[in-house]
Amino acid sequence: MPDGRWLGVDGDAWFLVAESPEGLVYESDAPPERLPALLRFDEDVEAWNRDLLAAAPEFGPRVAAARGLRMMRPSDPVEEAFCFLCTSNNHLARIGAMVRSLASLGEPMAEVQGHTLHRFPTLERLAAVPEPALRAQGFGYRAATIPRAAEAVLTRGGLDWFQGLAQRPRAEAHRALLELPGVGPKLADCVLLFALGHLDAVPVDTHVWRGYCTAYEPDWTYKSVTARRYAAIGDAFRARFGRRAGWAQQVLFVSELRAR
DNA sequence: CATCTACCGAAC
DNA sequence: TTCGGTAGAT
């Protein structure tokens, strides 16, 4: 919003959030516990950081640099997956435009501050979107993968199948997500970490790769991210940080970003 | 196994 | 011209 507030949707709820010296002040159509749940205010981030520092003291400066970071817990894995489908090989401004474009295909759910807010479109709706329509909206080659990925999810059982991945072992759920068109190892790990509650998933993007190579594998710096090296980073994080591996990734990611 | 290239727009 | 995940070829 122009006034610095943030207006957004998660699943079937909208939130209008402002920062104040006393903390977050917000309006929403959801019960009061919904935003704290979305931002994991019910979790003890300081304890997470203590776990990180106990396992890796060299994370000290990164933990300090990542102060204020929240790892979100979005409610709908479908919404999460298709938003992440927009992020591959892409920049933030364009991602935002694409996500808003997808959202506009969903059912209107509220009118807030003059903005019409929409639920994220259903899998059926996404599967039926003509590729040319998305091309015209600037989706580029993702215009083809988005409807195909929606079709692939429907073939496997739709939303129930997707939500069921939260109960499967992480490695198995990762393999299942890789079968979706346009979803590679990084996007699969993002969906596992944020939407499916697999807190030991470690998405490796360009920033995490750079930070990891600098700190732990200097010989890899000018090499490419192969499937083997990708997996090795996640395994190393899980061996070192256990259930905090995903949080360690978040801290590494944000500290790298903020150092640029 | 790893490396290369195409994909599409944005930013340099 | 470089950047950035995925997919397919080599």
Side-chain angles (χ1 to χ4, degrees), chain A residues 72 74 77-105 123 126-127 129-153 155-156 162 165 170-196 198 201-214 216-237 245-246 249-250 252-260:
Chain A
M72 294 178 73
V78 169
E79 183 175 314
E80 190 71 1
F82 285 84
C83 288
F84 269 113
L85 226 28
C86 298
T87 70
S88 71
N89 209 355
N90 210 351
H91 304 282
L92 211 48
R94 190 171 166 222
I95 293 167
M98 289 166 67
V99 168
R100 275 185 288 277
S101 177
L102 283 185
S104 73
L105 300 173
L123 287 165
L126 289 167
V129 184
E131 176 181 339
L134 291 180
R135 291 251 167 207
Q137 293 289 310
F139 278 69
Y141 52 85
R142 301 166 200 82
T145 49
I146 286 173
R148 286 181 52 225
E151 191 57 51
V153 175
T155 299
R156 287 160 175 75
F162 222 132
L165 295 179
R170 178 193 50 77
E172 179 190 328
H174 192 263
R175 282 192 297 274
L177 290 171
L178 285 184
E179 294 176 11
L180 303 177
V183 176
K186 191 270 186 181
L187 295 201
D189 278 325
C190 286
V191 175
L192 290 178
L193 178 59
F194 297 116
L196 294 174
H198 286 281
V202 179
V204 179
D205 75 336
T206 182
H207 305 289
V208 170
W209 170 256
R210 186 182 59 243
Y212 185 86
C213 292
T214 304
Y216 305 112
E217 290 282 0
D219 291 351
W220 288 1
T221 303
Y222 297 106
K223 298 190 175 179
S224 52
V225 188
T226 63
R228 183 171 176 78
R229 292 187 194 121
Y230 184 101
I233 294 178
D235 289 344
F237 266 49
Q249 182 275 358
Q250 289 287 282
L252 177 58
F253 172 79
V254 166
S255 63
E256 278 293 314
L257 262 191
R258 291 184 178 171
R260 300 236 103 191

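Reminder, nothing fancy here: chain letters follow the sequence lines and each chain counts from 1.
- Here dC3(C) presents its P atom at 15 Å from CG of Asp205(A), a figure rounded to the nearest Å.
- The closest side-chain heavy-atom distance from Ile233(A) to Arg229(A) is not below 4.5 Å.
- Within the 4.5 Å cutoff, side-chain heavy atoms of Leu102(A) are placed close to those of Ile146(A).
- Between Ser101(A) and Gln137(A), the closest heavy-atom pair is OG-OE1, 3.3 Å.
- Interface residues of residues 220-232 of chain A facing DNA chain B, ordered by number: Ser224(A), Thr226(A), Arg228(A), Arg229(A); criterion, heavy-atom separation under 4.0 Å.
- Put simply, Arg94(A) has no side-chain N or O that comes within less than 4.0 Å of OP1 or OP2 on dA11(B).
- Rounded to whole Å, atom C1' of dC8(B) lies 10 Å from atom NE2 of His91(A).
- In Arg148(A), the CZ atom is not crowded: 12 or fewer heavy atoms of neighbouring residues, nucleotides or ligands sit closer than 6.0 Å.
- At whole-Å resolution of the value, CG in Leu178(A) and P in dA7(C) are 8 Å apart.
- Distance Tyr141(A) OH to dG8(C) P: 14 Å, rounded to the nearest Å.
- Side-chain N or O atoms of Tyr230(A) include one that pairs as donor or acceptor with a backbone N or O of Pro185(A) at under 3.5 Å.
- Between Tyr212(A) and Phe237(A), the two ring planes are tilted [angle within 30° to 60°].
- Taking atom CZ of residue Phe139(A) and atom P of nucleotide dG9(B), one finds them 11 Å apart after rounding to whole Å.
- If you check residues 179-196 of chain A against DNA chain C, the residues with a heavy atom closer than 4.0 Å are Leu180(A), Pro181(A), Gly182(A), Val183(A), Gly184(A), Pro185(A), Lys186(A), Leu187(A), listed by number.
- Separating the CG atom of Leu177(A) from the C1' atom of dT6(C) is a distance of 14 Å, rounded to the nearest angstrom.
- A salt bridge links Arg156(A) to Glu179(A): at least one charged side-chain nitrogen sits closer than 4.0 Å to a carboxylate oxygen.
- In this structure, Val204(A) and Asp189(A) have side chains that are not in contact, with every pair of non-hydrogen atoms separated by 4.5 Å or more.
- Arg170(A) is listed as a side-chain neighbour of Leu192(A), based on a closest heavy-atom distance under 4.5 Å.
- Distance Leu92(A) CG to dC3(C) C1': 15 Å, rounded to the nearest Å.
- dG9(B) atom C1' lies 15 Å from atom CG of Leu134(A), rounded to whole Å.
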